[in-house]
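Written out below as structure tokens is the structure these notes cover.
Throughout, a chain's letter reflects where its sequence line sits, starting with A, and its residues are numbered from 1. Because only heavy atoms are used, hydrogens play no part in the values below, and waters and symmetry mates are left out as well, while side chains stay in. Given the structure is predicted, the values throughout are model-derived calculations rather than measurements.
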Protein chains: 2
Amino acid sequence: MDTPTARPATLDDVAQAAGVSRATASRVLGGYGFASPAARDRVTSAADRLGYVPNTTARALVRGAGVRLVVAVAGTDAAILDDPYVDRVVSAAARLCAPHGVGVALEWLPLSSPARLRRLGDDRSVCGVLLINTTERMLDAVPATLRGRVASIGIGSAAVPAFDVDNAAGSDAVLRHLHANGRRRIVMVTGPRWLSCAERSVTVYQALMRSAGLPVRLVTGDFTAARGGRAAMEALTRWPDTDAIYAASDTTALGAIAALRGRGIRVPHDVAVAGFDDIPYAAVSSPALTTATHPVAGIATAAATAVLEGRRVPPVTAFPSALVARESA
Amino acid sequence: MDTPTARPATLDDVAQAAGVSRATASRVLGGYGFASPAARDRVTSAADRLGYVPNTTARALVRGAGVRLVVAVAGTDAAILDDPYVDRVVSAAARLCAPHGVGVALEWLPLSSPARLRRLGDDRSVCGVLLINTTERMLDAVPATLRGRVASIGIGSAAVPAFDVDNAAGSDAVLRHLHANGRRRIVMVTGPRWLSCAERSVTVYQALMRSAGLPVRLVTGDFTAARGGRAAMEALTRWPDTDAIYAASDTTALGAIAALRGRGIRVPHDVAVAGFDDIPYAAVSSPALTTATHPVAGIATAAATAVLEGRRVPPVTAFPSALVARESA
DNA sequence: GCTTGCCGTGAGAGCGCTCCCAGGTATGGG
DNA sequence: CCCATACCTGGGAGCGCTCTCACGGCAAGC
């Protein structure tokens with residue numbers, strides 16, 4: 001940091017200042033190959049004297065490595081990107097990528113648009129792809145060029161490892177809790193029906209209701225609070241004897257609670273409401289929301305790590321989901 | 001996309017396939033300089049026949065452009081990164097950056113560690129820096145090398161343009177609303193006191209209380225719900241006649257409401273509670289939260305745009321904040 | 001016919017870095 | 001004393017791209 005040159009120091013500057021060749025400087029700073037202690041010393045001291053910061057871009061170019069991790073969210077429209085869940089994933093990935101000199105890009109993947117995925121595979125600046133909300137069809141469109149550097153948060157395939165919360169276990173726990181508390185007319189407000197990973201909860205719900213001889217009552221939601229409110233109203237209109245609502249997300253559940261309250265329906269006295277995700281606000285809502293945990297940050301970190309390190313991972317990694325019984329159910 | 005070669009096509013491949021030089025291909029695909037319609041045609045058709053995707057890394061290297069936008073969050077410890085507000089900013093930035101071939105990295109900036117900022121300025125792979133939660137001292141440490149490609153979400157300086165919500169206006173609106181509703185013993189639960197941009201709300205609060213001849217009652221918070229709950233309890237212990245709590249964030253307010261409810265204190269009947277941010281859950285909490293809007297995504301997008309395009313921007317861009325009167329106050 | 005100018009083109013020099021490879025210098029064994 | 005075997009070093013090619021520069025061709029003007 002002695003001569004405050006306009007342009008930042010390059011490896012050549014360091015090598016010259018240390019009186020060695022660029023190759024030697026690279027070996028020392030890159031931490032590979034041989035280098036005498038003397039050379040090592042002079043290079044490192046020259047490097048921090050000049051305030052040398054390696055140019056990740058050049059390094060990536062020569063190594064053939066990418067510099068961007070693309071988080072691609074499948075959905076019917078770009079509004080899918082406006083979602084706290086997506087925010088959380090992107091943020092966790094961005095945090096993990098920082099020390100690797102990698103940045104995160106976020107984009108919408110129109111449902112069934114394989115071309116975009118192919119481009120991603122051919123883009124040498126992309127070191128990996130994190131898929132969110134994928135469908136089976138979309139997974140089939142993942143090109144071979146992406147193999148080993150793609151992961152899915154949700155469902156996976158033979159070529160795409162999956163990372164997700166154990167939806168089935170969480171839903172099962174919540175529904176059994178509802179049942180144990182005497183609820184029998186349980187309506188489920190689902191996520192978008194095209195969303196494969198969310199369908200698992202639905203399957204569990206259906207199986208459980210059928211085996212208990214209870215009616216299957218489904219209302220389609222979209223994970224938003226507004227939709228959750230409307231879904232709750234719809235449910236009560238169609239089935240006035242409803243005594244519990246199981247929402248596929250906390251946001252939906254919170255919306256449902258607000259709507260019920262607006263109609264003078266007491267939660268959980270008249271209708272119990274349970275969600276899924278255990279978002280921070282679940283604990284402070286009133287009544288406090290009964291839900292199942294969803295370790296989003298952990299899932300995102302694991303998926304991003306797998307993609308970043310290109311390590312072989314099991315085809316499916318399920319993160320446990322535990323019941324959090326609070327007041328609403 | 002005819003020969004599915006193992007390695008993705010390069011500009012040379014395209015040039016060769018089109019029967020032109022790399023320079024011509026670059027001119028056509030880069031959209032600059034002259035090129036005959038014939039050449040233009042052959043190059044573009046060859047490009048999409050081969051499924052050519054430009055290598056952003058190489059382009060950035062030769063252009064001297066960066067490939068990463070670093071979101072640096074100042075704070076006492078790395079836990080500051082676990083925050084929906086940060087998530088939101090990162091996500092908005094990542095979305096904006098995607099089409100530019102830029103990725104977002106997220107890192108913690110320990111309070112008063114200028115070295116990290118200097119490194120960021122000397123890092124050629126960094127195209128810009130978005131500062132969050134900066135202090136005056138931190139802004140002084142921003143190196144000249146970062147000039148023109150740094151922005152602050154919060155307070156700014158001569159060298160660092162600021163983008164922030166109009167904290168003062170929002171706080172003013174909320175407090176006047178509280179006052180208009182007859183509240184006189186108003187406690188403010190602040191953000192972290194070292195956080196300069198949050199101090200503006202405090203200043204407004206103090207000024208308003210003094211001019212109205214009301215007592216100034218401050219409890220320090222940290223924007224979290226847990227802290228909000230404890231702060232509310234503390235406030236009631238110290239000042240049992242409290243009739244309103246103004247929290248510097250919705251999360252804090254929600255925590256306060258939960259804690260009050262736990263103590264059997266009715267909101268807003270006994271104590272009114274207002275927040276700031278208008279997060280999605282504010283609308284569905286019970287009682288629905290009275291608050292002031294905080295267009296985080298808009299702010300982040302504007303700041304990221306300024307950094308990305310390197311355009312000259314006014315030293316301060318204030319985003320309006322409007323009162324949202326709901327039930328809690 | 002020859003200059004003037006302009007458009008279109010390709011050669012080639014890098015951007016900053018990694019890493020292969022050839023060469024060089026100590027050290028040890030025969 | 002010589003050669004094998006380390007260890008160390010620098011030259012240099014090249015990652016994929018942009019962009020300057022010089023050159024060839026062609027129409028217009030004298």
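One interatomic measurement links the two molecules: CZ of B:Arg63 to C1' of D:dT20, which rounds to 15 Å at whole-angstrom precision. Atom CG of B:Leu11 is separated from atom C1' of C:dG12 by 15 Å (rounded to the nearest Å). Taking atom CG of residue A:Leu29 and atom C1' of nucleotide C:dC19, one finds them 15 Å apart after rounding to whole Å. Atom CZ of A:Arg59 is separated from atom P of D:dG16 by 18 Å (rounded to the nearest Å). In this structure, CZ of B:Phe34 is placed 18 Å from P of D:dC26, rounded to the nearest angstrom. In this structure, A:Asp13 atom CG and C:dC17 atom C1' are separated by 13 Å, rounded to whole Å. Between B:Arg7 atom CZ and D:dC15 atom P there is a gap of 9 Å when expressed in whole angstrom units. Atom CG of B:Asp12 is separated from atom C1' of C:dG10 by 12 Å (rounded to the nearest Å).
In this structure, B:Ser26 reaches the D:dT18 phosphate: one of its side-chain N or O atoms is under 4.0 Å from OP1 or OP2. Taking 4.0 angstrom as the limit, B:Thr24 places a side-chain polar atom (N or O) nearer than this to OP1 or OP2 of C:dG10. Taking only side-chain nitrogens and oxygens, A:Thr57 never comes nearer than 4.0 Å to OP1 or OP2 of C:dG16. Contact between the side-chain N/O atoms of A:Thr10 and the OP1/OP2 oxygens of C:dC15 is not found at any separation under 4.0 Å.
Across the interface with DNA chain D, nearest-nucleotide mapping of A:Gly19 and A:Arg22 shows A:Gly19 to be the residue nearer the 5′ end. Two residues, B:Arg40 and A:Asn55, neighbour DNA chain C, and the one matched to the more 5' nucleotide by heavy-atom proximity is B:Arg40. Comparing A:Val62 and B:Gly30, the nucleotide of DNA chain D nearest to each residue sits closer to the 5' end for A:Val62. Residue B:Ala25 is the one, among B:Ala25 and B:Arg124, whose nearest nucleotide of DNA chain C lies closer to the 5' end (criterion: closest heavy atom).
Judged as a ring-ring contact (aromatic ring centres under 6.0 Å, His included), and not counting sequence neighbours, B:Phe319 has no contacts.
With hydrogens and angles ignored, the 3.5 Å screen pairs a side-chain donor or acceptor of A:Trp108 with a backbone N or O of A:Gly75.
Residue-level contact check: B:Ala60 touches neither bases nor backbone, having no heavy atom under 4.0 Å from any strand. Among the atoms of the strands shown, base atoms are found under 4.0 Å from some heavy atom of B:Arg27.
In the displayed structure, A:Arg119 atom CZ is contacted under 6.0 Å by at most 12 heavy atoms of other residues, nucleotides or ligands. Applying the 6.0 Å contact sphere to CD of A:Glu107 captures more than 12 heavy atoms from other residues, nucleotides or ligands.
Checking C:dG10, D:dT9, C:dT18 against every side-chain atom of A:Ala35, the shortest atom distance belongs to D:dT9. Of the candidate nucleotides C:dG10, C:dG16, C:dT9, C:dG16 has the atom nearest to the side chain of B:Leu61. Comparing C:dT9, D:dC8, C:dC19 by their closest approach to the side chain of A:Pro37 singles out D:dC8. Listed candidates were C:dC17, C:dG10, D:dG10. Nearest to the side chain of B:Ser21 is C:dG10. Of all nucleotides listed (D:dG11, C:dG8, C:dG10), D:dG11 comes nearest to the side chain of A:Ala23.
Annotation for A:Ala198 and A:Phe223: closest pair CB-CZ, 4.1 Å, computed over non-hydrogen atoms.
Here CG of B:Asn133 is found 10.0 Å from OG1 of B:Thr76. Values are rounded to the nearest 0.5 Å. In this structure, CG in A:Leu61 is found 6.5 Å from OG1 in B:Thr57, a value given to the nearest 0.5 Å.
Listed by first and then second residue, the side-chain hydrogen bond (donor to acceptor under 3.5 Å, both in side chains) pairs that reach into residues 86-99 of chain A are A:Asp87-B:Arg88, A:Asp87-B:Ser91, A:Arg88-B:Asp82, A:Arg88-B:Asp87, A:Ser91-B:Asp87, A:Arg95-B:Asp82, sequence neighbours excluded.
Pairs of Watson-Crick or G-U wobble type, with distances under 3.5 Å, assemble into runs of 3 or more in DNA chain D at these ranges: C:1-30 with D:1-30.
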